[in-house]
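Side chains are part of it too, since the values below use all heavy atoms of this structure and drop only hydrogens, waters and symmetry mates. All chains are named by letter (A, B, ...) in the order of the sequence lines, taking the proteins before the strands, and each is independently numbered beginning at 1.
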Amino acid sequence: MARANDEAAALIQELADLLSITGGDAFKIRAYEKAARAVAGHPEDIAGMDLAALKRIPTVGEAIAKKLLDYTETGTIRQVEALRAEIPASVRTLTGVPGLGPKKALQLYRELGIASVDELAAALDEGRLHGVKGFGPKSEENIRHGIEVLRQKGDRVLVGTAAELAERVVEALAPLAERIAHAGSLRRMRETIGDVDVLAASDDPRPLMEAFTALPFVTEVVAGGDKKTSVRTFRGPDIDLRVVPPDSWGAALQYFTGSQAHNVRTREIAVRAGLKLSEYGLFTASGERLASATEEEVYGRLGLPWIPPTLREDTGEIEAALKGALPDVVTVEDITGDLHSHTDLTDGRASLEEMVEAAAARGLTYYAITDHAPDLAMHRMTDAKMLAQRERVRELQKDYPGLVLLHGTELNIGPDGSVDWDADFLAGFDVCVASIHSHFAQDPADTTRRLITACENPHVNVIGHPTARQIGRRAQVQADWDEVFRAAARTGTAMEVNCFPDRLDLPADLIRRALRLGVKFAVDTDAHSVEDMRNIRFGVGTAQRGWLTPDDVITTWPLPRLRDFLAKKTT
DNA sequence: GCCGTTTTCGGCCCGACTGTTTTCAGTCG
């Protein structure tokens, strides 16, 4: 179920958008935007909070607290309703067209009565923009194109897709740059990516820009300068290439990694110290450069430790850094095992032998094979097939002295919380993952009970991809997550962080909520092929965004500690 | 509208690029 926080944050954000269209004070607008982010990221549910509690949320003062109270009491915010009456909410959608901001959107509405993207397209066709002040022939063409981009590209791509594209750009341009790397939301490992940002260091940007625009998948150059070039790609995201002098590398990487909200905070810290921070470095008032070569140096001169990119969202990392309380987040190198994988016995594409060989090559110390159980009838699993696989796993173990093979299964959680086999058969597995694969639209109270029942099963060790979402295709199942997490913590059941780019499940915001309730996590690839094992970086990135340390993640633990965790369920 | 190791008022991040504006506003990140 959508938390009150998310709906309230959306309303505050809408208030900011509508005020920016009607020409409200820019600083007031920014205050609303900051508060919207803070409310969305606040771990406690705002439903039921009183004014004093609401004001304790950072960036929420008296005025916004009252608006939040208005929301929790009436389901809406009066000022938003009033502004909607003045400006149709659909005018907001005009600012979604690249190149159209609040000022021009308002102008189009006031002068031509345009209140939606469709109306804008029609006005263009009828030539009604001719002669409107500020809209020359070039603007018309850009808006026309912007509408097309908005309509066909949809919006964001999965992090895996963006990572592949970024790798191709970096590889192609590396010979022409002193340094080159991806930055932006991809470096922060957001689950979906709008634009791919690539940063290069060179004293001679021209050859880089020329090679960049000549890449085979580039279809159009949107903006081309000496320092920045933006391109559109064939059925992919836009790519920005920024080129900076080599001695600005650290400051530039810090800046272009973002997030924008994080950067605002770091620049505010600089201003308070009488300094100026830009992508070229940290400078004194007289222009003397204090730091710029590395990110560590830049953060250091601001009095901060280096902050992992995955935390840079202004959701508490600045405060934690100032207090010396940043989490020592889990890394790919910390991962010692994998508790969820498939073979061609069910829907995997590689044999048991190939998967085990790949797990050994990853340098894991333990690896669980967890093929699907009989309730997913399409995979035609039987008791006999599962026991035969177990025999084969035990035989294979002899060939892998450095890798402990675990035999497990991925159970199906039925609508009532039951799983495929009875306790006797389940007791034969080393580890059991249990996941939801159907009945996604159940009543939230039923889904909550369903997941709690699965946690209470003494043989279920891990809840696989707990929300069952598929990014861009299937919404999360609705449940009272805090209740589910309490049950997981109480019963010693780990929540999975599934590494598939279209799952990333649990999502980072739910990870943070679960963490506060004492839950442990299993970062698992759910690999169906050898290649899928590379997805571990996306799951670890998601775990980092959830502020997880190695201690929170059972798949970083040495085998004896893991075995204790698994054993505690049944005793 | 928020906030305070320059405090309760006066600030609030910084730069690149575009188009049409003859000196810069709007947009974007």
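- Across B/dA16 and B/dG11, the matching P atoms stand 26 Å from one another, rounded to whole Å.
- Judged by distance alone, with hydrogens and angles left aside, the side-chain atoms of A/Arg469 form a donor-acceptor pair with the main-chain N or O of A/Arg503 at under 3.5 Å.
- Using modelled atom types, no side-chain atom of A/Arg78 and backbone atom of A/Asp70 make a donor-acceptor pair closer than 3.5 Å.
- With hydrogens and angles disregarded, a donor-acceptor distance shorter than 3.5 Å links the side chain of A/Thr213 to the backbone of A/Glu210.
- On the C1' atoms, B/dT21 is 11 Å away from B/dG26, given to the nearest whole Å.
- Remark: A/Glu44 CD to A/Met49 CE distance equals 4.5 Å, nearest 0.5 Å.
- Ionic pairing of A/Arg545 and A/Glu313 is present here: one or more N-O contacts between side-chain nitrogen and carboxylate oxygen are shorter than 4.0 angstrom.
- Taking atom CD of residue A/Gln254 and atom P of nucleotide B/dG15, one finds them 14 Å apart after rounding to whole Å.
- We find that CZ of A/Phe27 is positioned 19 Å from P of B/dC9, with the value rounded to whole Å.
- Across all strands, A/Gly224 comes closer than 4.0 Å only to sugar-phosphate atoms, never to a base (heavy-atom distances).
- Rounded to whole Å, the separation between the C1' atoms of B/dG10 and B/dT6 comes to 11 Å.
- Separation of atoms CG (A/Leu199) and CH2 (A/Trp249) is listed at 4.5 Å; rounding is to 0.5 Å.
- Atom-to-atom, NZ of A/Lys67 to C1' of B/dC2 comes out at 12 Å; the value is rounded to the nearest Å.
- Within 4.0 Å (heavy atoms only), A/Arg265 reaches no atom of the nucleic acid at all.
- A/Met209 approaches A/Lys228 most closely through the heavy-atom pair CE-N, 3.6 Å.
- Here A/Arg289 contributes atom CZ and A/Ser248 contributes atom OG; the two are 4.5 Å apart, rounded to the nearest 0.5 Å.
- One can place NZ of A/Lys34 at 10 Å from P of B/dC2, the figure rounded to the nearest angstrom.
- Distance noted for atom C1' between B/dT5 and B/dG1: 23 Å (whole Å).
- Rounded to whole Å, the separation between the C1' atoms of B/dT18 and B/dT23 comes to 15 Å.
- A/Glu178 contributes no side-chain N or O that, together with a main-chain N or O of A/Ser202, makes up a donor-acceptor pair within less than 3.5 Å.
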TODO: Determine, for nucleotides 20-29 of chain B in 5'-to-3' order, which nucleotides have protein heavy atoms under 4.0 Å from the base (write B), from only the sugar-phosphate (write S), or from neither (write -).
DONE: S-----SSSB
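- Protein atom CG of A/Leu282 is 13 Å distant from nucleotide atom C1' of B/dC13, rounded to whole Å.
- Separating the C1' atom of B/dT8 from that of B/dC13 is a span of 24 Å, rounded to the nearest Å.
- The C1' atoms of B/dT20 and B/dT27 are separated by 15 Å, rounded to the nearest whole Å.
- Listed by residue number, there are no residues of residues 295-315 of chain A with a heavy-atom contact under 4.0 Å to DNA chain B.
- Nucleotides of DNA chain B nearest to A/Arg242 and A/Asn142 differ in position, and the one nearer the 5' end is that of A/Arg242.
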